[in-house]
Amino acid sequence: EAQVTQNPRYLITVTGKKLTVTCSQNMNHEYMSWYRQDPGLGLRQIYYSMNVEVTDKGDVPEGYKVSRKEKRNFPLILESPSPNQTSLYFCASSHGQQETQYFGPGTRLLVL
Amino acid sequence: GQQLNQSPQSMFIQEGEDVSMNCTSSSIFNTWLWYKQDPGEGPVLLIALYKAGELTSNGRLTAQFGITRKDSFLNISASIPSDVGIYFCAGRAGNQFYFGTGTSLTVIP
């Protein structure tokens, strides 16, 4: 089954404790992206990747890092999480930025 | 970042009624997209528009890419209970995507 998976689905952590949210897709997609969704703000793009080893900042990259060592994986790293990073995070992938994006199920993060 | 103004913020309609929502931007987009998000899930693409003036249908859904490339609308005809959800517009500029704030749709049977 073609899908985008994210782990964990729910995470509660404390300020400053490094964490990684994984994202994996099995569709051989080149383009992958991370978004955060906050009430009243819609989805905002954090980082995106056009292909392996190619990553770029989105609209709200501060406080986040990403890597794209393999085509199927695009982890989101929070080196020192802060409470304002409490949010719902979505990973998405597509064959190119022009094509349909498939979204993962979301990761709900609470930073205390 | 670029701002997408989506309206209305929420709608409560009777089953069978038509629905219209729109999105405007301060900037030009190359692509306009419309997504639907059900509770607890990620957005799912409904319609993609690639050219100014383009009018595209997907079943009971119709969307248009505005001539100025700064706006788009989505119409849903003869609404049914499963149309309930949050609808998002999105625009693509270069390799980046920008989303509207969403329209929450409630359909009353």
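Letters go in sequence order (proteins before strands), and every chain restarts at 1. Computation of the quantities below employed the complete heavy-atom set of this structure, encompassing side-chain atoms and omitting hydrogens, waters and symmetry-equivalent molecules.
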- request: Rounded to the nearest 0.5 Å, what's the gap from CG on B:N75 to CG on B:L55? Could you check?
  value: 9.0 Å
query: Can you find a side-chain donor-acceptor pair between A:S87 and A:D38 that sits under 3.5 Å?
result: yes
field: side-chain contact (heavy atoms from CB on, under 4.5 Å) evaluation trace for A:T13 with A:L78
entry: CA-CA 11 Å; A:T13 189; A:L78 284 72; over 6 Å; no
message: Just so I understand: if I count every heavy-atom pair under 4.5 Å between each of A:R9, A:Q45, A:K57 and chain B, which residue has the most?
response: A:Q45
Audit row: A:Q25, A:Y102, side-chain contact (heavy atoms from CB on, under 4.5 Å) steps and yes/no: CA-CA 9 Å; A:Q25 49 93 5; A:Y102 294 86; over 6 Å; no
query: Hey, which residues of residues 8-44 of chain B are touching chain A, say heavy atoms under 4.5 Å apart?
result: B:T31, B:Y35, B:Q37, B:G40, B:E41, B:G42, B:P43
- prompt: Do B:E54 and B:T56 meet the criterion of a side-chain donor-acceptor pair at a distance under 3.5 Å?
  reply: yes
- prompt: With distance as the sole criterion, is a donor-acceptor pair present between the side chains of A:S82 and A:T15 under 3.5 Å?
  reply: no
A:K65 to A:E79 - nearest heavy-atom pair and separation: NZ-OE2, 2.9 Å
Aromatic plane relationship, B:F99 with A:Y35 - under 30° parallel, 30 to 60° tilted, over 60° perpendicular: perpendicular
statement: Cut-off 4.5 Å, heavy atoms of chain B, and the answer for A:L43 is both
message: So for A:Q37, is it side chain, backbone, both, or neither that comes closer than 4.5 Å to the heavy atoms of chain B?
response: side chain
field: Residue part contacting chain A, namely of B:F97, when any heavy atom lies under 4.5 Å
entry: both
